[in-house]
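Starting from 1, each residue takes its place in the sequence as its number.
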Amino acid sequence: FIRSDDKFQIVVQGTSEKSLNDIVSCTLIFEFPNQYPTTEKLIYELPETHNFFGNNKSELCTRIDEIIEAGLGGAVVYDVVSEVQDILNAWADTITSRKE
């Protein structure tokens with residue numbers, strides 16, 4: 001991961017349980033507003049994706065938004081990254097299943 005003063009970037013990679021060749025990944029950039037997490041929400045960007053199809057990106061952003069909203073007042077970075085990891089793993093499994 002890469003960190004600057006108020007932002008940090010992390011690449012999250014999902015792999016299939018059946019094939020390590022089927023990889024889905026994305027880059028998340030988080031920014032911490034001055035009043036985060038007490039009164040301001042975590043800000044994020046999703047600038048890069050790999051092996052996303054259809055509306056995967058918008059689905060992922062919707063889920064991230066839900067986590068951030070539900071966690072207002074608390075730190076949510078771990079929750080966001082964990083959920084993204086689970087989603088990407090599931091998408092990688094789907095890619096593997098389609099190949100079989």
Side-chain angles (χ1 to χ4, degrees):
F1 91 99
I2 300 170
R3 186 177 192 284
S4 68
D5 288 339
D6 59 349
K7 292 184 180 184
F8 79 91
Q9 172 180 308
I10 185 168
V11 176
V12 183
Q13 180 173 301
T15 56
S16 171
E17 291 181 6
K18 297 178 182 178
S19 172
L20 296 178
N21 294 325
D22 295 322
I23 298 170
V24 180
S25 65
C26 67
T27 300
L28 289 166
I29 298 174
F30 295 107
E31 181 177 348
F32 302 99
N34 290 335
Q35 298 299 315
Y36 171 81
T38 55
T39 58
E40 289 186 81
K41 297 177 188 174
L42 179 68
I43 299 168
Y44 74 94
E45 299 170 43
L46 188 63
E48 296 177 28
T49 61
H50 174 71
N51 266 346
F52 277 42
F53 297 97
N55 61 352
N56 284 158
K57 186 172 181 176
S58 64
E59 287 177 15
L60 189 60
C61 288
T62 297
R63 183 64 188 126
I64 292 170
D65 291 340
E66 291 170 354
I67 294 167
I68 291 171
E69 185 67 34
L72 185 59
V76 295
V77 173
Y78 177 82
D79 296 335
V80 169
V81 173
S82 294
E83 181 72 12
V84 169
Q85 178 74 63
D86 290 345
I87 290 169
L88 297 184
N89 286 340
W91 290 347
D93 284 340
T94 300
I95 291 170
T96 300
S97 295
R98 288 180 182 163
K99 290 180 178 180
E100 294 176 340

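In this structure, CD in Glu17 is found 5.0 Å from CG in Asp93, a value given to the nearest 0.5 Å. Here CG of Leu88 is found 10.0 Å from OG1 of Thr49. Values are rounded to the nearest 0.5 Å.
With sequence neighbours excluded, the residues that form a side chain to side chain contact (heavy atoms under 4.5 Å, CB included) with Gln35 are Thr38, Thr39, Glu40.
In terms of heavy atoms, Ser16 sits closest to Ala92 at N-CB, 3.4 Å.
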Quiz: residues 22-34 side-chain donor-acceptor pairs under 3.5 angstrom, not counting sequence neighbours:
residue : atom : partner : partner atom : Å
Asp22   : OD1  : Lys99   : NZ           : 2.5
Asp22   : OD2  : Thr96   : OG1          : 2.4

Pairs of donor and acceptor atoms involving the side chains of residues 58-75, under 3.5 Å and at least two apart or interchain, shall be tabulated with distances.
residue : atom : partner : partner atom : Å
Ser58   : OG   : Asn55   : O            : 3.0
Glu59   : OE2  : Asn55   : ND2          : 3.4
Thr62   : OG1  : Ser58   : O            : 2.9
Arg63   : NE   : Glu83   : OE2          : 3.2
Arg63   : NH1  : Glu66   : OE1          : 3.1
Asp65   : OD1  : Tyr44   : OH           : 2.8
Glu69   : OE1  : Lys41   : NZ           : 2.4

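Counting only distance, with no hydrogens or angles, the side chain of Asn56 and the backbone of Phe53 share a donor-acceptor pair below 3.5 Å.
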